[in-house]
Structures are given as C-alpha cells and as structure tokens.
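For reference, the structure is listed below as structure tokens.
Note that these values count all heavy atoms, side chains included, but never hydrogens, waters or copies made by symmetry.
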Number of protein chains: 2
Amino acid sequence: MASKQSTVERILDAAEIEFGAHGFVETSLRTITSKAGVNLAAVNYHFGSKKGLIQAVADRFFEPLSAGMMTRLQELNQQSLGHHEALVKFYQGMMLELLSIARRNPSRLALFARLLNSAYSQGQGHLRKHLTHQYAPVFMLLMQTMAAHMPSMSHEQFFWRFHHLLGMMIFTLASSESLTDICAAEYDAERSLPEVVQQLVPVLVAAAEAPVEAIDRLV
Amino acid sequence: MASKQSTVERILDAAEIEFGAHGFVETSLRTITSKAGVNLAAVNYHFGSKKGLIQAVADRFFEPLSAGMMTRLQELNQQSLGHHEALVKFYQGMMLELLSIARRNPSRLALFARLLNSAYSQGQGHLRKHLTHQYAPVFMLLMQTMAAHMPSMSHEQFFWRFHHLLGMMIFTLASSESLTDICAAEYDAERSLPEVVQQLVPVLVAAAEAPVEAIDRLV
DNA sequence: TTATGTTTAAAACGTTTGTTTCAAGCTAAC
DNA sequence: GTTAGCTTGAAACAAACGTTTTAAACATAA
C-alpha cells in the first residue's frame with residue numbers, strides 16, 4: 001500500500017495543482033489522474049463530471065476560508081471602531097485568512113487566486129453560480145461590513161470601488177509569476193509571501209478611502 | 001459581393017469578439033471562421049496557426065495603444081509637474097488612451113482587458129513573450145515614468161505596487177459583467193463606460209500614493 | 001464461506017480540436 | 001487569351017478530449 005491517501009484526496013490534490021497552474025480548460029482529466037496515480041474513470045465515478053471535480057476543488061478552498069471569514073467579520077462588527085481602523089482591521093483579517101490557505105504549501109495561495117480568476121474570466125459560469133449560491137451569507141456580510149465603513153459612497157460608487165479592490169487582490173495573488181518574468185531583469189522580487197500580502201493592506205485601505213469625485217471629468 | 005472587408009479583416013473582427021467573450025482556449029477556429037463567413041483553412045493560410053491569429057488580434061489592439069501611450073508619456077515627461085499632479089495626469093492619460101480603444105465599439109474595452117487577462121492567466125506564454133518583446137520600449141517608459149513619481153519607494157516596493165495597480169485596472173475592465181451578475185439585485189450598475197473608467201483614476205492615484213509601511217506587521 | 005455493494009481497471013465511444021491536402025477559382029501581367 | 005501566382009473551397013487527417021461501458025478486484029456483513 002504505497003498510497004496512504006484515498007483516491008478522492010489524491011485526485012483533489014493533483015487537480016488543485018494542475019488547475020492552478022494551467023487553468024480549467026487546459027488541464028485534462030488524463031493529466032490529473034496520471035499525476036494522481038489513479039484510473040481515468042475515477043474522476044467521473046467520484047465527482048460525476050469534470051465540472052463536479054472543479055466545484056469540489058473550489059469547495060475545499062472556500063469552506064474553511066468562508067468559516068474563518070465569517071467569525072472574523074462578526075467579531076469586527078461587534079467592536080465599535082472608527083471607519084479607518086475598521087477598514088485596516090478588515091483587510092488585515094482578510095489577508096491573514098488568505099495566508100492561512102498557504103500555511104502548509106505557499107504556492108496554494110497563487111493556485112487559489114488563479115482558480116478564482118478562472119472562475120470569473122474563463123467560461124466557468126457554473127462555478128460562479130455554485131460559489132455565489134453556496135457562500136452567499138459570507139459574501140453578503142463581507143460587502144455589508146465593507147460598505148458600512150465607506151459611508152460617503154453611494155451604492156453605485158461602492159459597487160465599483162468593491163470591484164476595483166477585488167481585482168487588485170485577485171490579480172496580485174494570481175499572476176505574480178508573470179510579472180516577475182517581465183521585470184526580473186530590472187526589479188528583483190524576492191520577498192516572501194507574507195510580506196507581499198502584507199504590502200497590500202495599506203494599498204487596499206488607501207484605495208478604499210480615495211475620494212470619489214476629486215478629479216475633474218475627462219470627457 | 002456582400003463582403004466589403006477582406007478575409008483577413010473579417011477573421012480578425014470575429015476572432016476579437018469570440019476571444020474576448022470566451023477566451024482563447026474555448027474559442028475554436030471553426031466558430032471564428034463560421035461567424036466571419038470565411039473558410040476554415042483561411043486562418044492557417046493567412047496567420048499560419050491559431051497562435052499567429054491570437055498574436056495578430058493582440059497586435060491590432062496594442063499598436064495604436066502603444067503609439068498613443070508613447071507620445072503621451074513623452075509629453076508628460078517634458079512637463080515639470082509635482083508628483084501628485086503627474087500621477088493624476090498619468091492615469092488620466094492611460095484611461096483616455098484605453099477609452100480610445102472603445103470609441104467605435106464600447107464592448108471592445110472589455111474584450112481587450114479579457115484578452116490581456118487571458119494572456120497572463122491562461123496558458124498563453126507565447127503571447128506574453130510576443131507582447132513584451134514587441135512593445136518593450138513603451139513598457140519601459142511607462143514604468144520609469146510611474147516610478148519617477150513614486151520616489152519614496154524602493155525598486156522592490158515599486159515592483160509590487162505596480163503589480164497591484166495593474167491588477168486593479170485589468171480586472172476592473174475585464175470582468176465587469178461577472179460582478180454585475182452577482183450584485184445586480186442589490187447594487188445597480190448602470191453607469192456608462194467613461195464614467196466607470198473615470199472613477200478608477202482617483203483610486204489608482206490613492207493606491208499609488210499609499211504609505212508603504214504605515215501598518216504594523218501581521219506576522 | 002458466501003453473498004452484496006463499492007471501488008478500480010482497461011478499453012472503447014463519439015466528438016471536437018488544429019492542421020493539412022489538393023483541386024478549383026480568381027486576379028493581374030504579358 | 002494565356003499563363004503565373006495568390007486565394008478560396010471542401011474534405012480528410014491525426015490527435016486529444018470527456019464520458020461510458022463492462023468486467024475484475026476489493027471490502028464488508030451475514
């Protein structure tokens with residue numbers, strides 16, 4: 001018995017790595033089962049289909065993340081902080097929660113972000129719907145908490161600001177290798193993961209607090 | 001003669017739309033040639049391969065964008081502005097340049113951003129290399145100009161800050177539909193494209209000017 | 001041990017993919 | 001008008017994909 005893990009776990013482990021590295025569409029079930037050392041048919045047996053596997057991989061990320069975020073948000077909302085302090089604590093909590101994903105394996109964070117990016121940009125509408133239905137409560141609480149401490153904004157303005165902030169987080173975590181490739185010659189980027197993630201907090205807070213109409217209209 | 005455009009142009013037009021909507025991998029040449037009303041073999045004849053088509057589509061976006069950016073950056077560098085004013089002008093110029101892409105067809109901007117996102121997150125290393133080689137001068141000047149007006153940062157800090165800002169732009173422009181789906185119930189997002197793009201400028205400036213180590217270390 | 005339900009193995013299925021082939025059509029120069 | 005070179009058309013190619021099938025192997029309970 002060379003394999004201590006079950007077939008399901010070995011598939012999930014291999015799928016997570018391959019999906020994160022090459023995206024959903026460009027990763028074949030044959031690659032996954034081959035790297036996992038299991039039979040090809042095992043995926044369809046245990047997960048029903050490739051879509052089912054994708055959702056299972058995503059759930060393994062989101063379940064602990066969702067739980068941690070939920071308690072963190074509830075704690076934050078019980079305290080009565082000023083808006084700025086609340087935003088700082090909010091983003092710090094988010095980053096810490098994200099870092100907990102990467103505790104065992106540092107590259108898991110990039111995998112997670114790329115997975116999220118694929119869910120939104122690649123044709124994976126089923127994943128998007130699955131996630132938004134499955135984790136709607138955390139998502140709602142997250143947006144409400146965030147909006148509560150950005151009081152000068154209208155719903156519309158907050159919507160787009162949220163959009164910008166989410167993009168910054170996802171893209172940063174997702175594609176650090178690509179940018180490292182480009183700039184490696186001129187700018188060395190050798191910081192550890194916690195440092196990089198940490199650097200995001202003040203940027204996120206500043207972006208969240210940026211004035212809405214401070215700049216003249218362009219057109 | 002129902003077709004005024006040439007075969008090459010019709011392929012590029014159709015490919016641009018399909019690639020932007022569904023990504024590179026999930027768009028087949030048969031779909032493109034079918035929508036373009038041309039023969040399947042025409043793609044391989046005129047562009048050599050699917051990769052060649054992808055690069056041609058990208059070039060049609062980047063060539064005018066690159067030219068416009070170059071003159072805009074040179075103009076900006078000739079003026080002697082304060083750092084804040086320079087950053088504002090810088091991002092305003094960038095947004096105006098991006099908007100010029102969408103002048104004829106507003107959805108072209110989302111297509112462009114999704115295309116860029118695909119180039120970085122999907123397994124399209126060839127596109128990344130092609131673009132960075134083809135448009136290296138603009139890219140260099142862009143980073144130098146940006147760095148010049150963020151003087152308090154080290155190379156390493158600037159590298160990551162640049163990373164964050166780029167992510168915010170690309171993600172914002174790329175996936176507005178996805179977030180609109182999610183939040184449509186609670187937050188109506190009906191702003192016009194110029195307004196959305198314009199809202200990005202103060203956020204980008206604030207994020208660029210955010211203090212580096214203003215917040216205590218987390219770990 | 002026998003019987004039952006679950007998991008794995010190997011092979012094949014039907015599609016779809018990018019690419020190639022080769023003949024037919026077209027355009028322009030001589 | 002004929003020839004040469006570029007472009008298009010329809011068909012076929014080999015490879016890769018997700019999925020299904022059928023039988024063997026396994027575990028567990030009676």
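- Using a 4.5 Å heavy-atom cutoff, the side chains of B:I54 and B:F47 are not in contact.
- Distance NE2 (A:H22) to P (D:dA16): 16 Å, rounded to an integer number of Å.
- The stretch residues 89-101 of chain A participates, sequence neighbours left out, in these salt bridge (charged side-chain N to carboxylate O under 4.0 Å, His left out) pairs: A:R72-A:E97.
- By the side chain to side chain donor-acceptor pair (under 3.5 Å) test, A:H149 is found to be paired with no residue, residues two or more places apart in sequence or in another chain being considered.
- If you take CE on B:M169 and CG on B:L204, they are separated by 5.5 Å, rounding to the nearest 0.5 Å.
- Between B:T7 and D:dT8 there is a side-chain N or O to OP1 or OP2 distance below 4.0 Å.
- Sorted by residue number, the list of members of residues 49-59 of chain A with any non-hydrogen atom under 4.0 Å from DNA chain C is empty.
- Remark: B:S28 is not in phosphate contact with C:dT16, judged by side-chain N or O atoms under 4.0 Å from OP1 or OP2.
- Here the C1' atom of nucleotide C:dT19 and the CG atom of B:L29 are 9 Å apart, to the nearest Å.
- We find that CD of B:E26 is positioned 20 Å from P of D:dA16, with the value rounded to whole Å.
- Applying the side chain to side chain donor-acceptor pair (under 3.5 Å) test to pairs two or more places apart or on separate chains, those with a residue in residues 31-51 of chain A are A:S28-A:T31.
- Under the side chain to side chain donor-acceptor pair (under 3.5 Å) criterion, B:T7 pairs with no residue at all, not counting sequence neighbours.
- Residue B:T33 is out of contact with every strand shown, counting any heavy-atom pair closer than 4.0 Å.
- In this entry the distance linking CZ of B:R30 with P of C:dT16 reads 10 Å, nearest Å.
- Near DNA chain C, defined here as any heavy-atom distance below 4.0 Å, the residues from residues 38-47 of chain B are B:L40, B:A41, B:N44, listed numerically.
- Between B:F162 and B:F139, the two ring planes are perpendicular [angle over 60°; tilted spans 30° to 60°].
- Shown are A:V43, A:V8, A:I11; of these, the side chain to side chain contact (heavy atoms under 4.5 Å, CB included) with A:V38 is made only by A:I11.
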